[in-house]
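For the numbers below, each heavy atom of this structure counts, side chains included, while hydrogens, waters and symmetry mates do not. First the proteins, then the strands, lettered A, B, ... as listed; each starts at 1.
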There are 2 protein chains.
Amino acid sequence: MPEDAAKKPSRIQLRNRKKIMEAALNVFSQHGYRGATLDQIAEAAGMSKPNLIYYFDGKEAIHVAVLNRLMEDWLAPLHEMDPNGNPLDEILTYARRKMEMSRKFPKESRLFANEILQGAPRMAPHLETGLKPLFEEKAALIGRWIGQGRLAMVNPEQLILSIWAITQHYADFDAQIRVLIPDEATGWDEAFIHVEEMFRKLLSVSERSD
Amino acid sequence: MPEDAAKKPSRIQLRNRKKIMEAALNVFSQHGYRGATLDQIAEAAGMSKPNLIYYFDGKEAIHVAVLNRLMEDWLAPLHEMDPNGNPLDEILTYARRKMEMSRKFPKESRLFANEILQGAPRMAPHLETGLKPLFEEKAALIGRWIGQGRLAMVNPEQLILSIWAITQHYADFDAQIRVLIPDEATGWDEAFIHVEEMFRKLLSVSERSD
DNA sequence: GTTGTTTTTTACCATTTGGTAAAGGCACGA
DNA sequence: TCGTGCCTTTACCAAATGGTAAAAAACAAC
């Protein structure tokens, strides 16, 4: 059984685990956890249902595995926010990176959103240990920048939530946006511009008050 | 059969239909469409499963009924945006109303989000006929205000999307926010302040450029 | 009260679904 | 060529789930 993970996994194990997780990402993100079936995942992965169970302990184990891998990529842009950089640039770059993730990895965003919507039943620990410390660290950093007068006065925690809200909205509510703004290409362009201008205006230190 | 809706429904029909829809809102918003079961809804409504089917054509009919009633309340604040009011006030009031809805009706928000996340399979027509015309009307109105120099230059469509994104985020990602900002009371207060200041700053016409 | 209609319950059913058992297949070293 | 251990498939199963049939109960009109 490859479940142990104590020994090094063979090439075929790595390949099939990856195939399963890719298939699971597609199916889970489209139908949600309970809406997805093992048969769907098996078909998408090009293998039989019992074969999934051979590589993972069950449906929930697959879901958790996909979510955990997801979170790493998901937090990377926030990690990259550099205390030694220019505050405004750092935050705008972060927002831009999150927008890029929404455009390039909408399935990942929707899978995550789905899990949170349902109360994060399978991810609460990961939020506590992975997300929360990083969130607090970066909120403190932004707070320091504000204290130094290098950013406008904003609640740092609320600022981060705003960036998440807006950037993820473009992926998560894609179905709605496509109805309202049918032209996909210009929609994304305008979204990038809007988000950048919005946070630039919010964070720029007013020149008048010197 | 009360399904006809041609004749006037009896008092008992109205009462039970409402009980079912309330129960369904709770269950659907927590588990999603496929995650919810008729048995759960029946228990929450205090009646038997076949009794649900007596009042509604089936699971999907219940879901559609709940979503449709939802959309009316959901669009009301946007309807109230007054062409004759003060532009900044109108938009900030709208944003505040949406925040209030997120705080008071998070289940409604999550049910809606869940449906959109999954591609709006049961609501695409309602989006086209109900939401889209209103969206375009109000975007045009904001565009006129900007043309008159009464608001800062912003893409009106992107502005509306931003308001939706941020306000709904507080309801939809509640599980995440409660991990990051445990104190619920002050969290909401700060959220209200942040959202108001954010859009005020974005939309205020700069005094310097006169 | 009797009768006809609306509402509710009891007992089912067919399908779907997550999961298992156990028998093959297959690669690869001896 | 023959094991030996990893991988895959076939054939199932028990529980859950959306839905139905039909009888019983409640109710309303007379």
Side-chain angles (χ1 to χ4, degrees), chain A residues 1-28 30-67 114-115 118 121-122, chain B residues 1-28 30-67 118 121-122:
Chain A
M1 294 174 192
E3 331 278 5
D4 307 44
K7 305 291 175 197
K8 46 194 161 188
S10 72
R11 239 135 299 130
I12 201 166
Q13 274 174 38
L14 287 176
R15 178 173 54 84
N16 281 347
R17 275 235 177 86
K18 205 162 94 179
K19 266 209 304 190
I20 292 170
M21 287 175 70
E22 277 167 19
L25 170 64
N26 284 314
V27 177
F28 279 136
Q30 195 177 354
H31 302 285
Y33 177 71
R34 288 212 52 189
T37 72
L38 286 182
D39 292 279
Q40 285 175 302
I41 298 172
E43 199 197 333
M47 61 183 74
S48 67
K49 182 168 61 175
N51 217 354
L52 297 189
I53 307 296
Y54 176 73
Y55 285 106
F56 288 91
D57 264 343
K59 187 183 182 183
E60 187 163 333
I62 299 176
H63 194 239
V64 170
V66 173
L67 278 174
N114 222 306
E115 173 71 7
Q118 250 122 84
R122 281 165 279 277
Chain B
M1 295 174 194
E3 331 278 7
D4 306 43
K7 303 293 174 198
K8 45 194 161 188
S10 72
R11 237 135 299 129
I12 201 168
Q13 274 173 38
L14 286 175
R15 179 174 53 83
N16 280 347
R17 275 235 179 85
K18 204 162 94 178
K19 265 208 307 190
I20 292 170
M21 285 175 69
E22 276 167 19
L25 170 64
N26 284 315
V27 177
F28 279 136
Q30 196 178 352
H31 301 286
Y33 177 71
R34 288 214 49 191
T37 72
L38 287 182
D39 292 279
Q40 285 175 301
I41 297 172
E43 199 197 333
M47 60 183 74
S48 67
K49 181 169 60 176
N51 217 354
L52 296 189
I53 307 295
Y54 176 74
Y55 286 106
F56 288 91
D57 263 344
K59 188 183 181 183
E60 187 165 333
I62 299 176
H63 194 241
V64 170
V66 174
L67 278 175
Q118 249 120 85
R122 281 165 280 276

Item checked: Length of the line joining B:Tyr54:OH and D:dA21:C1', which is rounded to integer Å -> 15 Å
Notebook entry, point to check: Any idea which of D:dG18, C:dT8, D:dT17 is nearest the B:Lys49 side chain?
Noted result: D:dG18
Note to self: For A:Gly58 and B:Met47, find the nucleotide of DNA chain C closest to each by heavy atoms; which residue's nucleotide sits nearer the 5' end?
What the structure shows: B:Met47
Check: Rounded to whole angstroms, how far apart are CG on B:Asn51 and C1' on D:dA26?
Finding: 13 Å
Notebook entry, point to check: Quick one: A:Phe56 CZ to C:dT20 P, roughly how many Å, whole number?
Noted result: 16 Å
Check: Does the side chain of B:His63 pick up a donor-acceptor pair with the side chain of B:Arg122 at under 3.5 Å?
Finding: yes
Note to self: I want to verify a distance call: between D:dG18, C:dA21, D:dC6, whose nearest atom is closest to the A:Pro50 side chain?
What the structure shows: C:dA21
Notebook entry, point to check: Atom CD of B:Glu43 and atom C1' of D:dA16: how far apart are they, to the nearest Å?
Noted result: 15 Å
Check: Toward the 5' end of DNA chain D, which comes first, A:Arg15 or B:Gly35, by nearest nucleotide?
Finding: A:Arg15
Notebook entry, point to check: For A:Lys59, what residues pass the salt bridge (charged side-chain N to carboxylate O under 4.0 Å, His left out) criterion, not counting sequence neighbours?
Noted result: none
Check: So, is A:Arg34 close to the D:dA16 phosphate, meaning a side-chain N or O under 4.0 Å from OP1 or OP2?
Finding: no
Next item on the list: Evaluate the side-chain proximity of B:Ile62 to B:Tyr55: yes if any heavy-atom separation is below 4.5 Å, no if none is.
Entry: no
Notebook entry, point to check: From the list D:dC7, C:dT9, C:dT7, which nucleotide is the closest neighbour of the side chain of A:Gln13?
Noted result: D:dC7
Item checked: Flag if over 12 foreign heavy atoms under 6.0 Å of CD, B:Gln30 -> no
Notebook entry, point to check: Tell me: CD1 of B:Ile62 to C1' of D:dG19, nearest whole Å?
Noted result: 12 Å
Checklist line | Nearest-Å distance for atom pair CD1/C1', residues A:Ile53 and C:dG19 | finding: 6 Å
Margin query: Could you tell me how far apart A:His63 (NE2) and C:dG18 (P) are, to the nearest whole angstrom?
Written below: 13 Å
Checklist line | Shortest side-chain distance from A:Tyr55, nucleotide among D:dT8, C:dG19, D:dG18 | finding: D:dT8
Check: Between C:dT20, C:dG19, C:dT8, which one does the side chain of A:Lys59 approach most closely?
Finding: C:dG19
Check: Counting side-chain heavy atoms from CB outward, which of C:dT10, C:dG18, D:dG18 is closest to A:Thr37?
Finding: C:dG18
Margin query: Starting the side chain at C-beta, find the nucleotide from C:dT9, D:dG19, C:dG19 nearest to B:Ser48.
Written below: C:dT9
